[in-house]
Number of protein chains: 2
Amino acid sequence: MTKTEDRVGRVYDLVRKMAENFEFKPESQINEVALAKSFGTSRTPVREALNRLVAEGFLTFQARRGFFCRPLSPSQILSLYEARIAVETEAVRLAIRKSSDSQLEALLETLRRVLTEYDQCKDPGRLLELDEQFHVDIAKGSKNQELVRILENLNARIRFVRLIDLKHAYLNGGADTASSRIPSHSTIMQYIANREESAAVDTIRKHIERRREETTEAVAKAFAEIYIVDDDA
Amino acid sequence: MTKTEDRVGRVYDLVRKMAENFEFKPESQINEVALAKSFGTSRTPVREALNRLVAEGFLTFQARRGFFCRPLSPSQILSLYEARIAVETEAVRLAIRKSSDSQLEALLETLRRVLTEYDQCKDPGRLLELDEQFHVDIAKGSKNQELVRILENLNARIRFVRLIDLKHAYLNGGADTASSRIPSHSTIMQYIANREESAAVDTIRKHIERRREETTEAVAKAFAEIYIVDDDA
DNA sequence: CTTGATTGAATTGTCGACAATTAATTATAC
DNA sequence: GTATAATTAATTGTCGACAATTCAATCAAG
């Protein structure tokens with residue numbers, strides 16, 4: 001009966017996705033028994049998964065009170081964007097510095113492929129995935145697993161807000177499509193190809209900063225989305 | 001009997017300290033029952049703590065195999081140093097940019113106090129604490145909790161190697177004391193005071209890079225320390 | 001002597017139970 | 001009617017137990 005399979009892993013994936021998408025409302029308490037029941041497991045694997053997610057910044061924990069969803073605030077999201085800048089600027093620098101010519105060409109080829117699909121993509125969800133992949137691929141070029149790890153965590157925690165933002169942009173302006181919104185992807189690639197470190201760094205910085213500036217508005221939209229069904233507020 | 005107190009917290013602190021100090025040998029498996037017994041608890045709180053530590057990068061986990069101590073390798077430590085550079089250079093930039101004059105002065109006063117004790121400190125352990133505090137205080141100046149959080153995690157994971165390194169430096173060269181080893185602390189402060197962003201960034205980068213260069217040797221020393229008692233290798 | 005199978009011991013994964021605590025509800029006083 | 005106290009319900013924290021699996025040791029065959 002107890003099949004000693006990896007329930008924690010399954011539960012972790014599910015809860016993480018829920019936390020990413022704010023299916024738990026910001027600051028709200030998470031009910032362990034309800035979660036466990038919904039997964040058809042006991043509380044033990046659920047709690048283990050929740051502990052991991054606390055350490056990853058998706059949830060918070062108060063002793064004897066329980067687990068809570070992370071808050072959603074512009075300043076919090078802003079911090080994540082700033083951290084992305086920290087990680088990605090250094091990552092691109094290292095990628096340029098550490099890569100051989102052939103490695104750099106391989107990286108650029110990977111980026112080109114991502115960008116090809118990106119440019120003709122209309123689905124906001126897929127668009128976001130591709131954008132993340134572009135940036136993570138560059139980070140992998142740094143040959144620094146730690147930077148990649150941090151970046152992936154930051155991405156997951158920003159994801160929800162970015163997706164809402166992208167959906168709105170997609171609905172409002174048809175002209176405001178992928179390639180027009182982010183012309184700097186190819187610019188970044190150009191600088192990488194020429195090994196122009198500081199230019200690449202600056203471009204990435206500005207690239208992310210541009211997104212950061214929409215944050216406050218995007219967070220407001222995100223709140224609207226989260227509380228869309230409730231009308232008794 | 002079950003006093004519903006925060007055992008996980010206690011256990012977490014203890015296990016984390018053990019993991020920091022490589023009291024578990026690199027790559028070795030961690031025995032849950034033995035740990036639990038040594039703490040006088042059941043396995044439940046132990047496993048919850050272990051899960052947190054996996055997410056924080058102190059341990060690894062393989063399904064149906066268990067928890068393992070993180071590996072100790074020069075390249076791993078190097079990655080952590082590089083990540084520190086990423087975080088700290090951006091942090092100091094933000095600190096300068098975001099702080100009012102009075103906030104900047106308050107930060108400098110804090111740094112001065114840390115440096116005062118630092119300069120006359122002879123204990124390697126305390127010395128390391130103070131150095132970390134210096135850097136974390138600057139990071140706090142960025143008003144970005146995320147950067148601080150990341151930095152503190154990186155620090156904890158580098159700590160063991162740095163401490164070994166410091167102890168050796170302390171034993172070998174008396175002339176090679178604190179202030180002579182790191183003249184750039186005050187330089188960094190000077191640039192912060194003058195709001196010279198790029199100069200401050202460069203100095204911090206070089207400051208950390210210098211440490212990074214000792215890494216390979218320091219890791220070798222760390223290994224020697226870890227396996228010092230065992231003679232059956 | 002090495003290789004491979006078989007058995008036995010040690011370890012992990014999950015569960016259900018229960019005490020302790022916190023939160024919610026009702027009752028009571030003013 | 002509001003505020004405070006007492007009671008009840010819901011939730012968390014930890015435990016011991018047990019099945020499933022992995023690991024170690026023993027033994028057999030080549």
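Convention: sequence-line order gives letters A, B, ...; per-chain numbering from 1. Because only heavy atoms are used, hydrogens play no part in the values below, and waters and symmetry mates are left out as well, while side chains stay in. As the structure is a computational prediction, the values presented were derived from the model and not from experiment.
Rounding to whole angstrom units, CZ of residue A:Arg7 and P of C:dG13 are separated by 12 Å. Atom C1' of nucleotide D:dT12 and atom CG of A:Leu35 are separated by 14 Å, given to the nearest angstrom. In this structure, the NZ atom of B:Lys37 is 18 Å from the C1' atom of D:dT14, given to the nearest Å. In this structure, the CZ atom of B:Phe61 is 9 Å from the C1' atom of C:dG13, given to the nearest Å. Here D:dT11 presents its C1' atom at 11 Å from CZ of A:Phe68, a figure rounded to the nearest Å. Rounded to an integer number of Å, the gap from CZ of A:Phe39 to C1' of C:dT14 is 16 Å.
A cation-pi arrangement is absent between B:Arg70 and B:Phe24, since the terminal nitrogen or guanidinium carbon is not both under 6.0 Å from the aromatic centre and inside a 45° cone about the axis. Geometric assessment of A:Arg52 against the ring of A:Tyr12 yields a positive cation-pi assignment under the 6.0 Å and 45° thresholds.
Between B:Ala19 and B:Leu59, the closest heavy-atom pair is CB-CD2, 4.2 Å. Across every non-hydrogen atom of A:Leu151 and A:His135, the tightest pair is CD2-O, 3.9 Å.
Using a cutoff of 4.0 Å between basic side-chain nitrogens and carboxylate oxygens, A:Glu23 and A:Lys17 are not scored as salt-bridged. We find that B:Glu214 and B:Arg162 are not joined by a salt bridge, their nearest charged nitrogen and carboxylate oxygen being 4.0 Å or further apart.
Side-chain contact check for A:Gln103 and A:Lys143: at least one donor-acceptor pair (N or O, by modelled atom type) lies under 3.5 Å.
The aromatic rings of B:His207 and B:His185 lie tilted to each other, with the angle between the two planes from 30° to 60°.
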Which atoms of nucleotides 9-11 of chain C (N or O only) lie under 3.5 Å from a protein N or O atom, and what are those distances?
unit_1: C:dT11; atom_1: OP1; unit_2: B:Asn31; atom_2: ND2; d: 2.7

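Contacts between residues 40-51 of chain B and DNA chain C, defined by a heavy-atom separation below 4.0 Å, involve B:Arg43, B:Arg47, listed by number.
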